[in-house]
Amino acid sequence: DKHGRSLAERAQTRLLWATARRRGATLYRSGPLGFTAWGTHQLPGIAASLRLTEHTDAYGRAFALIHAPATTTYTVPLAASPDGASLVDRAQVDVWVADWGHWLANLADEPGLVACTVTIETAPDSGHELRIAVQASIDPHAPEFAATMLREVVAAYPVGSSVTRAWVALTFTATSPATGDTRGPEAMGRDLGTRLPGLVDTLRATGAGAVRPIPAHELCELVRVAYDPGVAPLVDQAHAGQPGLSWADVGPAAAVAEWDGYRHDSGYSTTWAMSTAPRGNVQSGVLERLLAPHPDIDRKRVTIVYRPVDAARAAAIVEADLRAAEFVASASKKPTARSVTAARAAAATAAEEAAGAGLVNFSLLVTATVTDPDRAPQARAAIDTLAATARLRLRPVYGGQPAAFAAALPIGLILPQHLSRTEALHARL
């Protein structure tokens, strides 16, 4: 079909989905009255085995470390504050884009790094942080008129406004590059604690703004609000006191997986995956409308997954792509413009790789969440429109919405590592 999936693949997906429904695997209940024996609100699906610990880096900052035993990987989430391109000179934007390309190219040389995810989320602004900031700065001896005006502004400003947040998650393998041994959380925490300041400092030059590691309690709040958007105002109000939310209680109390949607507590979400990347030259603002808030979508997450390719494999991959593109272009006496362009792009990629450029596989996930399931059709229509403006071809993750929803969060779930067949076999097929 237009997404590159064969009839056999679609039939297999339908069969697996029917089997899961028959076994009751599409239903999830947690908590004291749930199906789990320990009575906690554990994360569902492939995220159930994740374990969270907290460590300290070389600057004395606490950072969360997520361990995935199924893939023997560790993930460090970082919070970013992108400056955005508004009122910024084009020359500065070009510098940011160039530095971002260099940062991605250097990921392949980072010992043990297997993936990097960038998540941009837009959500309604509760105004709690603004309220705290204004109340803390009001002079008790200020005129009553000025104080009243400030209180009215604080009460009216959050209505209809939105907030944009960004996270970068770095996933490392637990296998030591030097000895080949599998390291535990404490050893990984010490190793990453010394390397994290350097990674954070280089990321600031890409326009990511003030980048900092995320503490464990902040990550728990992030995941809790993602699965239950209705508690977002309560979490914002309790944020100043650092509530004691543990990793065992960040999952949903109830979740129902549908063929093209996912119902979780007070939210209903649909996740799309990129099936075709933008063709031709890609400008820096190609994702601008897709990343911006939309009135038909309560919460929207756009996650780009980067997987750096080892330098030893990169040469063989680009040469194979070049041969395939040249064969398609030369197979016809009158090749199409698209095949000729693909051959030129493959040749340019091979030349850049030979000159020392890095090779990175990437994918994109888009999650749209609404608090009312009746608004789901409007949200789907909005994503279809936004994908066209971004020159992307998105496909709903049919039959795999829970896994795709979890993979779009900055918790280090890399879906190709959870395939039942190896990635090398999948690539050959």
Side-chain angles (χ1 to χ4, degrees), residues 1-6 9-10 13 45-47 68 70-71 73 75 77 100-101 103-105 107-108 113-121 166-173 226 260 262 269-280 282 286-287 290-291 300-310 313-314 317-318 320-321 342 345-346 349 358-368 383-384 386-429:
D1 59 6
K2 63 180 181 180
H3 299 287
R5 294 180 61 84
S6 64
E9 290 176 324
R10 286 178 289 174
T13 303
I46 60 175
T71 57
T73 56
T75 299
W100 176 247
W103 192 81
L104 289 178
L107 290 182
L113 192 141
V114 296
C116 168
T117 63
V118 179
T119 303
I120 308 293
E121 182 187 60
W167 300 280
V168 178
L170 303 175
T171 302
F172 299 84
T173 179
D260 58 351
Y262 185 44
S269 300
T270 302
T271 302
W272 291 259
M274 181 186 68
S275 60
T276 304
R279 298 183 182 274
V282 179
V286 67
L287 298 179
L290 181 62
L291 297 177
K300 175 163 54 66
R301 275 187 304 277
V302 179
T303 299
I304 306 177
V305 183
Y306 299 98
R307 292 188 296 144
V309 179
D310 184 74
R313 296 176 50 227
I317 292 175
V318 297
D321 292 343
T349 301
L359 191 66
V360 178
N361 289 323
F362 75 97
S363 58
L364 186 140
L365 296 170
V366 179
T367 299
I383 293 297
D384 292 340
L386 296 175
T389 62
R391 298 165 56 191
L392 292 171
R393 179 170 290 174
L394 299 178
R395 178 183 184 273
V397 186
Y398 294 117
Q401 288 290 322
F405 180 89
L409 296 172
I411 55 178
L413 287 176
I414 310 301
L415 293 181
Q417 297 180 351
H418 293 269
L419 294 174
S420 58
R421 56 192 180 191
T422 63
E423 187 176 355
L425 177 61
H426 182 72
R428 292 181 180 272
L429 293 177

Could you tell me which residues satisfy side-chain hydrogen bond (donor to acceptor under 3.5 Å, both in side chains) with [X], sequence neighbours excluded, listed by chain and number?
X: Ser269; answer: His264, Thr369
X: Thr276; answer: none
X: Thr71; answer: Thr73
X: Gln401; answer: none

Original post:
Excluding sequence neighbours, so at least two apart, what forms salt bridge (charged side-chain N to carboxylate O under 4.0 Å, His left out) with Asp260?
Top reply: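 With sequence neighbours excluded, Asp260 shows a salt bridge (charged side-chain N to carboxylate O under 4.0 Å, His left out) to Arg380, given in chain and number order.
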What's the spacing between [X] [atom1] and [Y] [atom2] if we round to 0.5 Å?
X: Leu413; Y: Thr171; atom1: CG; atom2: OG1; value: 8.5 Å
X: Arg301; Y: Leu409; atom1: CZ; atom2: CG; value: 4.5 Å
X: Ile120; Y: Leu287; atom1: CD1; atom2: CG; value: 9.5 Å
X: His3; Y: Tyr398; atom1: NE2; atom2: OH; value: 7.0 Å

Residues forming a side chain to side chain contact (heavy atoms under 4.5 Å, CB included) with [X], sequence neighbours excluded:
X: Ser363; value: Val305
X: Ala277; value: Met274, Phe362
X: Leu415; value: Ile46, Ala403, Ala407
X: Leu107; value: Trp103, Leu104, Leu113, Cys116, Pro308

Subject >> Worked verdict on Ile411 versus Thr75 for side-chain contact (heavy atoms from CB on, under 4.5 Å) >> reply: CA-CA 7 Å; Ile411 55 178; Thr75 299; over 6 Å; no
Subject >> Chi angles and distances behind the side-chain contact (heavy atoms from CB on, under 4.5 Å) call for Arg313, Leu359 >> reply: CA-CA 9 Å; Arg313 296 176 50 227; Leu359 191 66; over 6 Å; no
Original post:
In a check of side chain to side chain contact (heavy atoms under 4.5 Å, CB included) between Leu386 and each of Val366, Leu392, Leu394, Leu290, which one passes?
Top reply: Leu290
**OP:** State, with a plain yes or no, whether a side-chain heavy atom of Val309 is found less than 4.5 Å away from one of Asn361.
**Re:**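 Yes; the side chains approach each other to less than 4.5 Å.
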Original post:
Can you tell if the side chain of Val118 reaches within under 4.5 Å of the side chain of Tyr306, non-hydrogen atoms only?
Top reply: yes
**OP:** Evaluate the criterion side-chain contact (heavy atoms from CB on, under 4.5 Å) for residue pair Asp321 and Thr349; output intermediate values, then yes/no.
**Re:** CA-CA 9 Å; Asp321 292 343; Thr349 301; over 6 Å; no
**OP:** Might you point out which heavy atoms bring Glu9 and Arg5 nearest each other, and give the distance in Å?
**Re:** OE1-CA, 3.3 Å
Original post:
So, Thr117 side chain and Pro410 main chain: donor-acceptor pair closer than 3.5 Å or not?
Top reply: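 Checked: no pair found.
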